[in-house]
Amino acid sequence: MTDSPIRHDWTIAEVEALFALPFADLMFRAQSAHREHHDPNAVQMSTLLSIKTGACPEDCKYCPQSVRYDTGLERETLVPLDEVRTRAQAAKDAGATRFCMGAAWRSPKKRDVEAVAAMIREVRALGMETCATLGMLTPAQAHELKDAGLDYYNHNVDTSPEFYGEIITTRTYQDRLDTLAAVRDAGLNVCCGGIVGMGETTRDRASMLATLANLPHHPESVPINQLVRVPGTPLAGEAPVDPFDFVRTIAVARVVMPKSFVRLSAGRETMSDEMQSLCFLAGANSIFYGEKLLTTGNPDVARDRALLERLGIHTLTPPALAEPAEHVHGPDCAHAHAPARPGAACNATRQR
Ligand code: SAM
Ligand code: DTB
Ligand code: SF4
């Protein structure tokens with residue numbers, strides 16, 4: 001048996017007990033699990049693009065894109081295909097390996113799925129992994145996206161089943177689980193996580209992570225977002241999260257889902273480099289990369305590259321995107337991983 005077996009039978013009390021460990025003990029557990037299953041110095045990089053912004057009919061209390069809150073956001077129609085291609089190419093050139101397209105929909109219509117399928121084909125043709133987050137999906141829609149070449153679908157549980165009703169009333173927790181099952185059944189990789197800082201208790205955080213870990217398969221990607229408190233949303237006045245509590249959430253996610261990529265997601269713009277480093281030490285091995293999330297800010301590429309270089313972290317190239325083994329850095333090498341000295345073996349090819 002390995003030290004951190006893949007379990008699907010976590011009780012909330014067990015996960016709460018992980019949260020209650022002394023910080024150093026929890027970090028040790030997380031580091032041990034991380035090093036058992038991952039390269040501890042590699043981070044996966046995804047770039048987001050909002051392909052349809054604002055005017056969403058849902059009432060998610062954290063979200064600047066809900067039509068119900070006045071956040072001053074300009075609503076936008078579907079982004080044209082050539083702009084998607086340009087933005088994806090720019091993301092690739094900057095060093096991202098996955099391109100995530102997000103739409104402010106409750107669920108996509110037939111023509112929406114067709115339009116997104118065309119976007120997926122464009123992004124794939126550039127040699128990037130694809131991800132989409134479009135709201136609730138039917139099993140048929142999940143298959144259609146898979147057939148277009150989609151690699152990942154993001155759909156978050158957001159919080160615990162117990163706290164969920166305080167945050168969203170226009171769709172149920174079961175709706176979310178149904179979409180996740182449709183996505184999994186279609187053979188897509190699942191990206192599913194939640195938000196910290198919406199007024200939930202530690203028990204809610206434990207319950208959310210137990211929900212994710214007790215899915216029939218752990219999500220391949222688990223985004224942990226710190227609430228971005230957007231003026232005009234009902235949660236704008238929430239108290240900031242204790243940074244150590246946020247790091248603990250990352251660490252517990254790492255322990256209960258040891259093989260998953262845990263993404264340090266929204267909220268990085270206001271985090272210090274030291275705080276982000278603690279998150280990496282706690283087992284985060286994925287980030288959103290690029291100046292913007294969907295509608296809010298993210299650290300710029302220069303800041304992220306500098307941080308990764310200072311920490312000796314290189315970016316992870318998925319096996320399907322890896323180049324032939326003999327590639328070395330040249331003066332024109334576009335790889336953004338640090339360190340990237342001309343003549344050095346290219347980190348991209350050293351990845352599994
Ligand atoms: N409309 C689709 C949906 O809700 O499934 C896709 C886009 S939605 C913006 C994707 C996720 O972004 C949400 O589930 C939530 O976890 C996250 N998110 C949205 N607003 C946020 C905020 N202010 N702070 C942190 N995370 C946020
Ligand atoms: C996820 O868990 N976080 C991302 C992505 N999945 C789609 C979105 C964060 C959004 C933050 C608020 C905004 O930029 O609008
Ligand atoms: Fe709409 Fe998604 Fe925002 Fe909820 S999180 S209001 S579904 S865009």
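All ligand and atom numbering here is 1-based and tracks the order in the structure.
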Min over Asp158, Val157, Val228, Thr179 of heavy-atom distance to atom 25 (C) of ligand 1 lands on Val228
Minimal heavy-atom distance between Glu200 and Gly197, with the atoms involved, is OE2-N, 2.8 Å
Any N or O on Gln65 sitting closer than 3.5 Å to an N or O of ligand 2?
no
Within-shell test, Phe288 vs ligand 2, heavy atom, strictly < 4.0 Å
yes
Taking only heavy atoms of Thr133, which atoms of ligand 2 are found under 4.0 Å from at least one of them?
7 (C)
Got Lys292 and Leu48 here, is their nearest side-chain heavy-atom distance under 4.5 Å?
no
Could you check His8 against His217 for ring pair (Phe, Tyr, Trp, His ring centres under 6.0 Å), going step by step and ending with a plain yes or no?
CA-CA 8 Å; His8 299 269; His217 300 276; 7.2 Å; no
Nearest protein heavy atom to atom 26 (N) of ligand 1, by residue and atom, and its distance?
Ile195 CD1, 3.6 Å
What is the closest protein heavy atom to atom 12 (O) of ligand 1, and at what distance does it sit?
Asn156 ND2, 4.5 Å
Please check if any side-chain donor atom of Tyr62 sits under 3.5 Å from a side-chain acceptor atom of Asn225, or the reverse.
no
So, the side chain of Asp175 versus the backbone of Met136: is there a donor-acceptor pair under 3.5 Å, distance only?
no
Among non-hydrogen protein atoms, atom 21 (C) of ligand 1 lies closest to Tyr62 CD1, 3.7 Å
Looking at ligand 2, does any of its N/O atoms fall within less than 3.5 Å of an N/O of Asn225?
yes
I'd like to know whether Gln276 forms a side-chain contact (heavy atoms from CB on, under 4.5 Å) with Leu307, so could you lay out the CA-CA distance, the side-chain angles of the two residues, the decisive distance to 0.1 Å, and finally the verdict.
CA-CA 9 Å; Gln276 293 186 60; Leu307 175 60; 3.7 Å; yes
Regarding ligand 2, does Thr296 bring an N or O atom to under 3.5 Å of one of the ligand's N or O atoms?
yes
Taking all non-hydrogen atoms of both residues into account, name the closest pair between Asn156 and Gly193 and its distance.
OD1-N, 2.9 Å
Could you check whether Glu122 pairs with Arg87 (Lys NZ or Arg NE/NH1/NH2 to Asp/Glu carboxylate O, under 4.0 Å)?
no
On a heavy-atom basis, the closest approach of Leu26 and Ala251 is CG-CB, 3.7 Å
Please list, in number order, the atoms of ligand 2 under 4.0 Å from a heavy atom of Asn156.
1 (C), 2 (O)
Near Pro64 (heavy-atom distance under 4.0 Å), the atoms of ligand 2 are 15 (O)
Should the proximity of Val230 to ligand 2, defined as any heavy atom under 4.0 Å, be assigned to the side chain, the backbone, both, or neither?
neither
Looking at Arg98 and Asp151, is any side-chain nitrogen of the basic one under 4.0 Å from a carboxylate oxygen of the acidic one?
no
Where ligand 2 meets Leu293 - atom numbers and elements under 4.0 angstrom, heavy-atom basis
14 (O)
Are there over 12 heavy-atom neighbours, none belonging to Arg106, within less than 6.0 Å of that residue's CZ?
yes
Distance only, no hydrogens: is a donor on one side chain within 3.5 Å (strictly under) of an acceptor on the other, for Gln65 and Thr295?
no
To the nearest 0.1 Å, how far is atom 6 (N) of ligand 2 from its closest protein heavy atom, and which atom is that?
Asn154 OD1, 3.2 Å
Quick check on contacts: which atoms of ligand 2 are under 4.0 angstrom from a heavy atom of Pro223?
2 (O)
Please confirm whether the backbone N or O of Thr133 pairs with a side-chain atom of Asn154, one donor and one acceptor, at under 3.5 Å?
no
Near Thr295, which atoms of ligand 2 are under 4.0 Å from a heavy atom of that residue?
13 (C), 14 (O), 15 (O)
Specify side chain, backbone, both or neither for Met136, according to which of its non-hydrogen atoms lie closer than 4.0 Å to ligand 3.
neither
Between the side chains of Tyr289 and Arg268, does any donor sit under 3.5 Å from an acceptor?
no
The closest protein heavy-atom partner of atom 8 (C) of ligand 2 is Leu294 CD1, 3.9 Å
Would Ala103 count as being in polar contact with ligand 1, using the rule that some N or O on each side must be under 3.5 angstrom apart?
yes
Lys52/Asp112 salt bridge by N-O under 4.0 Å criterion
no
The protein heavy atom nearest to atom 8 (S) of ligand 1 is Leu294 CD1, 4.5 Å
Indicate yes or no for a side-chain donor-acceptor contact from Arg248 to the backbone of Phe19 under 3.5 Å, with no hydrogens or angles considered.
yes
Report yes or no: does Gly135 have a heavy atom closer than 4.0 Å to ligand 1?
yes
Looking at every non-hydrogen atom in both residues, tell me the closest pair between Ala148 and Ala117 and how far apart they are.
CB-CB, 3.6 Å
Whether Thr130 side chain and Gly149 backbone form a donor-acceptor pair below 3.5 Å:
yes
Check Arg171 against ligand 1 and report side chain, backbone, both or neither, counting heavy atoms closer than 4.0 Å.
side chain
Under 4.0 Å, counting heavy atoms only: does Leu48 come that close to any atom of ligand 2?
yes
Anything protein N/O/S under 2.8 Å from atom 1 (Fe) of ligand 3? Just list residue and atom, please.
Cys56 SG
With a 4.0 Å cut-off on heavy atoms, is Gln226 in contact with ligand 1?
yes
Considering only heavy atoms, which of Gln65, Arg106, His155, Met101 lies nearest to atom 5 (O) of ligand 1?
His155
Atom 2 (Fe) of ligand 3 [closest protein heavy-atom partner, distance rounded to 0.1 Å]:
Arg171 NH2, 4.2 Å
Write out the residue and atom name of the closest protein heavy atom to atom 7 (C) of ligand 1, then the distance separating them to 0.1 Å.
Thr133 OG1, 3.8 Å
Got a salt bridge between Glu14 and Arg7, using NZ or NE/NH1/NH2 to carboxylate O under 4.0 Å?
yes
